Amino acid sequence: MDSKLKVYNTLTRKKELFKPQKYPFVGMYVCGPTVYSDVHLGNCRTFVSFDLIYRYLLHLGYKVRYVRNITDAGHLEGDRDEGDDKFTKKAKLEKLEPMEIVQKYTIGFHEVMRLFNTLPPSIEPTATGHISEQIEMIKQIIKQGFAYEINGSVYFDVEKYSAKHNYTVLTNRLLEDLLTNTRELGGQDEKRGHLDFALWIKAKPEHIMRWPSPWGIGFPGWHIECSAMSNKYLGDHFDIHGGGMDLTATHHTNEIAQSEACHGKQPATYWLHTNMLTVNSTRMSKSAGNGFLPGELFTGNHPLLHRGYPPMTIRFFMLQAHYRSTLDFSNEALDASDKGYNRLMNAVSLLDKLKPSNQSSCDDLLSIQERCYEAMNDDFNSPVLIAELFEVVRMINSIYDGKMQATQKDLAIIKQLIQEFVFDVLGLQEVEYQAHDMSKIIDWIIQIRTEAKTNRDYTLSDKIRIGLHNLGIQLKDNKEETTWSKVL
RNA sequence: GGUCGGGUGGCCGAGUGGCUAGGCAGAGGUCUGCAAAACCUUUUACAGCGGUUCGAACCCGCUCCUGACCUCCA
């Protein structure tokens with residue numbers, strides 16, 4: 001199938017037709033979390049965005065190898081290439097082994113990803129599991145002349161690199177500006193140029209995470225792991241490299257430099273970057289202290305939250321904005337998404353009850369389907385897709401109410417649209433109502449109320465309706481039957 | 001200070017030259033024993049000022065506001 005998918009490429013700052021280098025195979029690398037603390041909602045947004053992208057590529061029939069790393073070593077605290085990495089520091093703080101920190105937050109991350117219904121990546125490599133690959137790559141970079149060793153540490157020589165390559169391809173910045181504008185850092189630096197960054201860092205005696213290397217005992221720099229692991233699993237050049245926008249200027253710029261220096265080519269064709277989640281229009285981040293933890297969001301246990309929201313509501317909330325736009329977080333916005341999501345899912349739950357007619361008064365379903373594809377083909381425009389799906393919601397409700405007629409064929413298309421776009425592509429899940437036993441009990445109570453209504457015993461029927469409402473069950477009368485849902 | 005974005009109705013959020021985005025909230029109606037839901041109709045927009053154009057939220061200029069990156073963060 002001839003794909004019409006267009007993706008926005010940070011390298012060219014344009015939307016480009018997506019052409020994988022070896023159809024139908026697609027290699028996609030996404031920078032994963034640094035597991036030294038709980039993932040916050042902003043992190044989750046990025047992974048939900050790439051889950052949407054992954055799901056849509058799969059839906060289009062591509063064979064995707066999706067690699068998302070776990071950073072469990074080498075990510076430094078502070079702004080100097082010395083001192084502790086985040087794990088060593090956290091381990092001291094919590095009086096645990098660094099790998100206990102890693103294990104704890106990796107499990108937490110996976111649990112949150114599961115709640116958000118993201119598909120697991122094909123490969124989830126860790127930095128500590130690929131120390132030798134990183135060392136090999138550093139050796140190669142030194143051999144090519146783009147890195148130098150000082151006192152057991154190895155640094156990437158940005159100045160030398162920029163003489164032959166464009167260091168600022170991703171950001172379009174002028175190198176001179178970077179050189180002049182970089183803030184003067186306190187402390188003595190052993191780097192030659194202040195844009196230089198560490199590939200390998202000498203471990204101080206008390207540093208716990210340490211590995212032998214040709215340059216002595218140390219640990220890898222933060223950027224080299226992604227270059228080494230993407231290369232190992234996806235090769236010298238793969239199709240998509242993704243991550244949060246905050247990684248563009250530093251992490252990804254350095255990744256490109258390392259890969260280019262080592263293999264002589266750009267690591268990826270398309271660079272995709274997701275935008276930030278904001279709170280009161282300020283970026284949500286760990287250091288700003290305005291980061292919500294998913295758990296706090298689910299329970300509502302946070303000073304800024306009026307109540308808790310289910311994971312699917314939050315996923316829906318994220319998908320209602322385009323991945324390259326900032327998304328502002330507020331109770332009001334989440335309330336709106338919660339209701340919208342429930343409206344969508346209530347309609348979905350009516351699908352099996354729809355009765356076909358001999359004639360059709362539906363809107364043109366095939367053109368709706370086409371518009372759904374157009375939306376997603378336009379750089380994964382999920383908000384537009386959702387707008388189209390609400391047209392389908394309106395139709396489902398109308399058919400259910402008998403105000404619109406649909407043929408067997410119409411119903412088949414509607415069901416296909418819902419399955420493909422609501423579940424497969426958007427990755428939404430139906431709210432799990434109570435256990436089955438509970439539904440049966442409610443159905444039984446509804447039956448008693450229906451008998452009361454037939455007998456015009458409205459005192460009893462109201463008592464049942466109000467009583468159930470107080471327990472969180474909303475009854476909905478219809479000419480033929482009574483349905484129920486959770487109180488919104 | 002430098003670089004790059006953004007300012008859309010009560011809120012969130014699409015849209016890049018002419019055609020209803022959508023969700024939530026508000027108003028009216030249909031249905032209904034009541035309630036809810038659903039459906040129909042409907043009010044409040046494109047930061048400001050100029051310019052280009054037959055025509056601009058969309059292109060250009062200026063002004064104001066705001067965010068991100070430049071230092072760890074998805």
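Every chain is numbered from 1 and lettered A, B, ... according to where its sequence line falls, protein lines coming before strand lines. Computed from a predicted model, the values in this text were never measured in an experiment.
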**OP:** Look at all strands and tell whether A:Leu344 reaches a base, only sugar-phosphate, or nothing, counting heavy atoms closer than 4.0 Å.
**Re:** nothing
Original post:
Which value, in whole Å, describes the distance between the P atoms of nucleotides B:G67 and B:G28?
Top reply: 39 Å
Original post:
Nearest to the side chain of A:Asp462, which nucleotide is it out of B:A74, B:C39, B:C34?
Top reply: B:C34
Subject >> N or O in side chain of A:Asn397 less than 4.0 angstrom from B:A38 OP1/OP2 >> reply: no
**OP:** Identify whether any heavy atom of A:Gly42 sits under 4.0 Å from a base atom; if not, whether one sits that close to sugar-phosphate; answer base, sugar-phosphate or nothing.
**Re:** base
Original post:
Who passes ring-ring contact (aromatic ring centres under 6.0 Å, His included) against A:Phe238, sequence neighbours left out?
Top reply: A:His241
Subject >> P spacing across the pair B:A68 / B:C62, given as an integer number of angstrom >> reply: 24 Å
Original post:
With a 4.0 Å cut-off on heavy atoms, is A:His322 in touch with a base, just the backbone sugar-phosphate, or nothing at all?
Top reply: sugar-phosphate
Original post:
Taking the side chain of A:Arg449 as heavy atoms from C-beta outward, which of B:A36, B:A38, B:C34 is closest to it?
Top reply: B:C34
Subject >> Option passing side-chain hydrogen bond (donor to acceptor under 3.5 Å, both in side chains) with A:Tyr323 (candidates A:Thr274, A:Asp379, A:Asn381) >> reply: A:Asp379
**OP:** Take atom P in B:G2 and the same atom in B:G22, then report the distance between them in whole Å.
**Re:** 42 Å
**OP:** Using both pair distances under 3.5 Å as the test, note the stems of at least 3 consecutive Watson-Crick or G-U pairs that include RNA chain B.
**Re:** B:1-7 with B:64-70, B:10-12 with B:22-24, B:26-30 with B:38-42, B:47-51 with B:59-63
Original post:
Looking at B:G13, does its base get a donor-acceptor pair with the side chain of A:Asp328 below 3.5 Å?
Top reply: no
Original post:
Whole Å only: how far is the CG atom of A:Asn455 from the P atom of B:C34?
Top reply: 18 Å
**OP:** Would you indicate, yes or no, if B:G15 has its OP1 or OP2 atom less than 4.0 angstrom from a side-chain nitrogen or oxygen of A:Asn381?
**Re:** yes
Original post:
Side chains of A:Ser337 and A:Asp335: do they bring a donor and an acceptor to under 3.5 Å?
Top reply: no
Original post:
Does A:Ala321 have any side-chain contact (heavy atoms from CB on, under 4.5 Å) partners at least two apart in sequence or in another chain, and if so, which?
Top reply: A:Arg45, A:Leu327
**OP:** Please state the P separation for the pair B:G26 and B:A36 - nearest whole angstrom.
**Re:** 12 Å
**OP:** Please measure how far the C1' atom in B:U52 lies from the corresponding atom in B:U41, and state the result in whole Å.
**Re:** 39 Å
Subject >> Closest listed nucleotide, where the reference is the side chain of A:Phe47 and the choices are B:G33, B:C70, B:A74 >> reply: B:A74
Original post:
Taking only residues two or more places apart in sequence or in another chain, which ones pass salt bridge (Lys or Arg N to Asp or Glu O under 4.0 Å) with A:Glu111?
Top reply: A:Arg114
Original post:
If you count the non-hydrogen atoms of other residues, nucleotides and ligands that lie under 6.0 Å from NZ in A:Lys90, is the total more than 12?
Top reply: yes
Original post:
Sequence neighbours excluded, which residues qualify as salt bridge (Lys or Arg N to Asp or Glu O under 4.0 Å) partners of A:Arg192?
Top reply: A:Asp157
Subject >> OP1 or OP2 of B:U71 under 4.0 Å from side-chain N/O of A:Thr250 >> reply: no
Original post:
Could you run down nucleotides 18-25 of chain B 5' to 3' and tag each one B, S or - for protein heavy-atom contact under 4.0 Å?
Top reply: ---BSBSS
Original post:
Considering only the C1' atoms, how many Å lie between B:G6 and B:A57, rounded to the nearest integer?
Top reply: 14 Å
Original post:
Has the side chain of A:Ser461 got a donor or acceptor atom sitting under 3.5 Å from an opposite partner on the base of B:G33?
Top reply: yes
Original post:
Considering only the C1' atoms, how many Å lie between B:G51 and B:U43, rounded to the nearest integer?
Top reply: 33 Å
**OP:** Using only side-chain N and O atoms of A:Thr326, determine if any of them is under 4.0 Å from OP1 or OP2 of B:A68.
**Re:** no
**OP:** Have a look at A:Thr248 and say if it touches a base, only the backbone sugar-phosphate, or nothing, with a 4.0 Å heavy-atom cut-off.
**Re:** nothing
**OP:** Ignoring hydrogens and angles, state whether a donor on the side chain of A:Gln405 or A:Ser357 is under 3.5 Å from an acceptor on the partner side chain.
**Re:** no
Original post:
Under 4.0 angstrom, heavy atoms only, what part of the nucleic acid is A:Leu277 near: base, sugar-phosphate, or nothing?
Top reply: base
Original post:
Counting side-chain heavy atoms from CB outward, which of B:G13, B:A36, B:C34 is closest to A:Arg465?
Top reply: B:C34
Original post:
Does any donor-acceptor pair link the side chain of A:Asp246 with the base of B:C72 at a separation under 3.5 Å?
Top reply: no
Subject >> Side-chain (A:Thr483) to main-chain (A:Leu475) donor-acceptor, under 3.5 angstrom >> reply: no
Subject >> Separation of B:A74 C1' from A:His40 NE2 (nearest whole Å) >> reply: 7 Å
Original post:
For A:Arg394 and B:C40, is the shortest distance between a side-chain N/O and OP1 or OP2 below 4.0 Å?
Top reply: yes
